[in-house]
Amino acid sequence: MLYQLYEAQRSLMEPFSDFAQAASKLYGPGAVWSQLPMAQRMAAGYDLLYRLGKDYEKPEFNIKSVKVDGEEVVIQEAVELDKPFCELRRFKRFTDEPHILKTLKSQPVVLIVAPLSGHYATLLRDTVRTMLQDHKVYITDWKNARLVPLSEGEFHLDDYINYVQEFIRRLQAEYGNCHVVSVCQPTVPVLAAVSLMASRGEPLPLTMTMMGGPIDARKSPTAVNNLATNKSFEWFENNVIYRVPQGFPGAGRKVYPGFLQHTGFVAMNPDRHASSHYDYFKDLIKGDDASAEAHRKFYDEYNAVLDMDADYYLETIRTVFQDFDLVNGTWDVKSPAGQVERVRPQDIHATALLTVEGELDDISGSGQTQAAHSLCTGIADAKREHYEVKGAGHYGIFSGRRWRDLVYPKVRNFIAASDEPQRRAGAREELPAEDRIKPGQKLKAVATAAARKTPVAAKKAVAVKAAPAVKKPVAATKKPRASAAR
């Protein structure tokens with residue numbers, strides 16, 4: 001019933017929010033009423049009212065380009081794999097510069113596993129943008145559970161782990177190897193996923209980078225940890241789980257609503273948020289557009305939340321924050337085939353491990369992420385590292401100045417130290433010496449030679465059958481265009 005009441009309230013507020021936005025523009029600079037007394041204060045007040053009442057939809061990554069070796073490289077998003085509850089999203093990089101293309105081809109492949117804990121994957125926009133300078137980047141873009149029809153079935157913590165394994169295998173099949181970076185909540189299921197792959201003898205990621213996650217939530221417990229331990233499992237089941245109301249594709253699905261999650265976020269630091277909104281109001285009055293825009297960007301992301309499937313959320317509460325199954329060695333996971341397997345981090349040997357924590361992290365306390373080292377006893381000391389970021393809170397370890405100046409160089413160098421040459425599946429090998437075009441050789445002859453090797457080449461030979469002879473090799477008369485996506 002609470003979800004229905006929330007939606008009714010949101011629908012009721014929507015026209016008032018739209019009115020506030022229009023009124024703000026009427027009193028704004030250059031508008032009809034901008035010369036009236038107190039016009040600037042009126043515009044600022046209506047703008048604040050609009051932002052407090054508006055509905056925040058899923059933001060876009062909106063990464064159009066990055067610089068690689070000082071050159072601008074164009075970025076295009078693409079969905080590599082579409083699952084019922086998640087999209088594996090790739091950020092393709094395009095260039096026409098041959099020397100930049102060579103650099104892009106040789107850079108490591110990184111899978112960023114984004115949190116499924118209330119916010120969208122776009123919360124890691126700065127993480128993605130920074131890593132694109134030196135890596136091929138993929139990210140898990142989790143879907144809003146209220147938009148997933150009931151026909152797609154349930155989503156459990158085991159399914160999350162199986163998704164991660166499938167994504168890792170996908171990148172390994174494409175490139176031969178990959179690296180995994182997990183931020184906050186996914187550190188636990190990522191460690192479980194890699195542990196299960198190790199126990200089966202599968203190829204593993206070259207590195208795991210775990211940032212600000214609750215590997216052992218018993219250490220330095222925060223307000224988040226205390227809530228999970230002070231309330232019973234039944235309390236969560238009876239008080240925070242609701243069915244998606246009619247009007248959404250996922251109507252009837254049991255979820256932990258995003259608006260409840262957002263309320264919890266704000267309740268952790270209400271004074272800070274109230275102060276931030278008041279500062280925004282003052283910035284509008286002063287005409288400080290830069291500060292006002294920074295506020296908008298932050299809260300456009302912070303206020304955009306998604307619903308989580310109830311099974312996944314409740315199992316995470318019990319497994320990670322109440323029973324501590326990972327650190328106790330009692331965690332069993334069901335594979336897609338229905339086989340139950342025990343999570344054994346000690347079976348990981350080949351993967352290098354980097355853990356990162358913020359000194360002032362109030363979400364995952366000190367030592368919670370570092371605990372991964374005590375579990376992964378099979379990893380040699382030379383292949384493990386821990387880094388504490390001085391003065392950084394939870395968001396500072398993956399976004400902002402400290403991320404870019406302190407954390408990222410550490411992550412980049414750690415990945416580079418363990419990287420291996422990629423072996424792209426299906427990549428064409430260099431033609432044997434006898435099949436290369438030689439000075440004075442006719443293009444038709446080359447095509448005919450190639451036709452004897454593959455059916456595809458035979459079709460190409462037919463296509464060039466009538467081509468006139470050339471006196472010089474094609475490569476010598478026309479410089480190839482080095483445009484590609486990497």
Side-chain angles (χ1 to χ4, degrees), residues 79-89 111-121 138-173 178 180 182-200 202 205 208 210 213-215 233 236-237 240-241 243-244 248-250 252-258 261 306-323 325-326 330-345:
V79 176
E80 189 79 3
L81 189 60
D82 190 0
K83 304 286 289 181
F85 289 85
C86 184
E87 292 176 344
L88 178 61
R89 190 170 295 274
L111 169 65
I112 300 177
V113 185
L116 178 53
S117 56
H119 285 111
Y120 290 97
Y138 293 74
I139 194 169
T140 57
D141 193 4
W142 301 101
K143 297 180 181 179
N144 192 334
R146 74 179 182 180
L147 303 180
V148 181
L150 280 172
S151 59
E152 295 290 355
E154 301 169 341
F155 185 70
H156 296 263
L157 182 57
D158 291 356
D159 297 314
Y160 188 118
I161 295 168
N162 293 330
Y163 273 27
V164 171
Q165 293 179 82
E166 183 177 355
F167 296 156
I168 291 173
R169 295 188 193 106
R170 176 77 172 227
L171 299 189
Q172 289 173 333
C178 71
V180 178
S182 53
V183 181
C184 190
Q185 169 270 325
T187 55
V188 176
V190 165
L191 182 54
V194 177
S195 299
L196 293 169
M197 295 177 73
S199 299
R200 300 189 203 106
E202 295 187 56
M208 292 186 298
M210 300 185 169
I215 298 294
F233 180 82
F236 286 98
E237 198 171 23
V240 301
I241 302 302
R243 291 191 182 274
V244 176
F248 296 98
R253 179 178 295 279
K254 284 187 175 182
V255 297
Y256 175 33
Q261 179 90 339
L306 53 75
D307 296 351
M308 290 179 279
D309 188 271
D311 292 307
Y312 158 78
Y313 173 74
L314 293 173
E315 288 165 8
T316 299
I317 291 292
R318 170 173 281 169
T319 301
V320 180
F321 296 103
Q322 293 186 345
D323 295 345
D325 285 338
L326 177 60
T330 57
W331 193 5
D332 292 325
V333 174
K334 183 182 292 187
S335 70
Q339 182 179 359
V340 177
E341 302 169 293
R342 177 61 54 89
V343 176
R344 293 173 49 84

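Just so it is clear, the structure is predicted and the values come from calculations on it, not from any experiment.
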Gap separating the [atom1] atom of [X] from the [atom2] atom of [Y], nearest 0.5 angstrom:
| X | Y | atom1 | atom2 | answer |
| --- | --- | --- | --- | --- |
| N144 | D309 | CG | CG | 11.5 Å |
| C184 | H119 | SG | NE2 | 11.0 Å |
| E87 | I139 | CD | CD1 | 12.0 Å |
| C86 | D159 | SG | CG | 12.0 Å |
| E341 | D158 | CD | CG | 10.0 Å |
| Y138 | R89 | OH | CZ | 13.0 Å |

Taking C-beta and beyond as the side chain, do [X] and [Y] meet within less than 4.5 Å on heavy atoms?
| X | Y | answer |
| --- | --- | --- |
| K334 | Q339 | no |
| L157 | T319 | yes |
| Q261 | S117 | yes |
| T140 | Y163 | no |
| C178 | I168 | yes |
| V333 | L196 | yes |
| Y256 | I317 | no |
| D323 | T330 | no |

So, are E154 and R253 salt-bridged, with charged N and O less than 4.0 Å apart? no
Strictly below 4.0 Å, N to O, side chains only: are D82 and K143 in salt-bridge contact?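 The answer is yes: the pair qualifies as a salt bridge.
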Which atoms form the tightest heavy-atom contact between [X] and [Y], and what is the distance?
| X | Y | answer |
| --- | --- | --- |
| P345 | L326 | CG-CD1, 4.0 Å |
| R344 | S199 | CB-OG, 4.0 Å |
| V320 | P214 | CG1-O, 3.7 Å |
| V343 | S195 | CG1-CB, 3.9 Å |
| P84 | V148 | O-CG2, 3.6 Å |
| Y313 | M308 | CD1-CE, 4.0 Å |

Criterion side-chain contact (heavy atoms from CB on, under 4.5 Å) on L191 and T187, from CA distance to verdict: CA-CA 6 Å; L191 182 54; T187 55; over 6 Å; no
With sequence neighbours left out, the residues meeting ring-ring contact (aromatic ring centres under 6.0 Å, His included) with Y120 are none
Would you check if the side chain of D307 reaches a backbone N or O of G258 as a donor-acceptor pair within less than 3.5 Å?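 A pair under 3.5 Å: yes.
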Take E166 and K83 through the test side-chain contact (heavy atoms from CB on, under 4.5 Å) and record every step on the way to the result. CA-CA 10 Å; E166 183 177 355; K83 304 286 289 181; 2.9 Å; yes
Does a donor on one side chain sit under 3.5 Å from an acceptor on the other, for R200 and Q165?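 The criterion, which ignores hydrogens and geometry beyond distance, is satisfied for Q165 and R200.
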Kindly state whether the ring of F321 and the ring of F236 have centres lying under 6.0 angstrom apart.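 Distance test on ring centres: not under 6.0 Å, no.
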I want to know whether Y160 and Y312 have ring centres closer than 6.0 Å.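 Yes.
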Run F167 and L81 through side-chain contact (heavy atoms from CB on, under 4.5 Å) and show every step you take. CA-CA 8 Å; F167 296 156; L81 189 60; 3.7 Å; yes
